[in-house]
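Down below is the structure, laid out as structure tokens.
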Amino acid sequence: QVQLVESGGSTVQAGGSLRLSCVASGHTFSSYVLAWFRQAPGQEREFVAAIAWPGGSTYLADSVKGRFTISRDNAKNLVYLQMNSLKPEDTAVYYCAAKYGVLLTTTPDDYDYWGQGTQVTVSS
């Protein structure tokens, strides 16, 4: 089993920044993908960004390219989502997810493990 715990969610004004963190623990395999998804009320869960472990390749959704960055700290089993130039439409619960392998996918059903989520609210 892999356990994922997110932190860093908060309320911020439009144009501001936040950094989300996700720590992975438990039985982690040598190759896996960590990703961020988000879900706003009444909407489907949406892919945000993913990073491969250990290779480090990344993929971001078009809606966040140029504003968000995904990175990792190998020694601490941490993955970060740096969010800049936040917009009200970024408001959602942000989830960390993990899957085995190296293929960066955007479909929630491809991911085997999920964190509990952290709320991000962007006020206008």
Side-chain angles (χ1 to χ4, degrees):
Q1 284 285 61
V2 175
Q3 291 80 44
L4 303 171
V5 179
E6 307 98 331
S7 62
S10 183
T11 298
V12 64
Q13 289 190 333
S17 298
L18 278 176
R19 188 177 78 164
L20 304 183
S21 301
C22 173
V23 59
S25 62
H27 187 193
T28 56
F29 286 80
S30 58
S31 298
Y32 56 99
V33 173
L34 287 174
W36 289 96
F37 288 79
R38 65 187 181 186
Q39 189 166 20
Q43 297 188 17
E44 293 185 352
R45 196 161 293 191
E46 173 191 27
F47 171 80
V48 177
I51 187 165
W53 209 296
S57 58
T58 63
Y59 183 71
L60 284 89
D62 288 343
S63 58
V64 304
K65 280 180 182 176
R67 301 189 299 123
F68 291 11
T69 304
I70 188 169
S71 62
R72 74 201 196 281
D73 183 328
N74 290 348
K76 298 180 181 179
N77 280 346
L78 275 165
V79 62
Y80 301 106
L81 184 68
Q82 178 66 44
M83 306 187 294
N84 299 327
S85 302
L86 282 162
K87 305 175 181 180
E89 51 264 43
D90 294 318
T91 295
V93 177
Y94 283 70
Y95 296 92
C96 182
K99 63 183 283 290
Y100 300 124
V102 298
L103 186 63
L104 301 178
T105 63
T106 64
T107 305
D109 286 347
D110 291 341
Y111 289 80
D112 303 299
Y113 303 100
W114 292 84
Q116 82 289 349
T118 186
Q119 176 71 46
V120 172
T121 302
V122 184
S123 61
S124 57

Between the main-chain N or O of Gly117 and the side-chain N or O of Glu6, is there a donor-acceptor pair closer than 3.5 Å? yes
Salt bridge between Lys87 and Asp90, side-chain N to carboxylate O under 4.0 Å? no
Test item: Leu18 and Ser10 side chains (from C-beta on) under 4.5 Å apart, heavy atoms: yes
Residue pair Leu86 / Phe68, side-chain heavy-atom distance below 4.5 Å: yes
Considering only heavy atoms from C-beta outward, does the side chain of Ser63 approach that of Glu46 to under 4.5 Å? yes
Side chain to side chain, Thr118 and Tyr95, heavy atoms closer than 4.5 Å: no
Taking the side chain as every heavy atom from C-beta outward, state whether Arg38 and Val93 have any atom pair closer than 4.5 Å. no
Identify whether Ile70 and Leu4 are in the same connected component of the hydrophobic contact network (ILVMFWY, side-chain heavy atoms under 4.5 Å). yes
Per the disulfide bond (SG atoms under 2.5 Å apart) rule, what does the pair list look like for residues 57-124, sequence neighbours excluded? Cys22-Cys96
Atom CG of Asn77 and atom CZ of Arg72: how far apart are they, to the nearest 0.5 Å? 11.0 Å
Sole residue of Val79, Val5, Asp73 in side chain to side chain contact (heavy atoms under 4.5 Å, CB included) with Val23: Val5
In terms of hydrophobic clustering (I, L, V, M, F, W, Y; side-chain heavy atoms under 4.5 Å; direct or indirect links), are Tyr111 and Trp36 co-clustered? no
With the side chain counted from C-beta on, respond yes when Ser31 and Pro54 share a heavy-atom pair under 4.5 Å apart, and no when they do not. yes
I'd like to know if the side chain of Thr91 and the backbone of Val122 have a donor-acceptor N/O pair within less than 3.5 Å. yes
Please determine, by modelled atom types, if Tyr113 and Tyr100 share a side-chain donor-acceptor pair under 3.5 angstrom. yes
Transitive ILVMFWY side-chain link Val33 to Leu20, under 4.5 Å: no
Sequence neighbours excluded, which residues qualify as side chain to side chain contact (heavy atoms under 4.5 Å, CB included) partners of Thr107? Asp109, Asp110
Would you please classify the geometry between the Phe47 ring and the Phe37 ring as parallel, tilted or perpendicular, with 30° and 60° separating the classes? perpendicular
Is atom CD of Glu44 surrounded by more than 12 heavy atoms (other residues, nucleotides or ligands) closer than 6.0 Å? no
Check: Leu103 main-chain N/O paired with Lys99 side-chain donor or acceptor under 3.5 Å: yes
Can you list every pair that meets disulfide bond (SG atoms under 2.5 Å apart) and has a residue in residues 40-86, with sequence neighbours left out? none
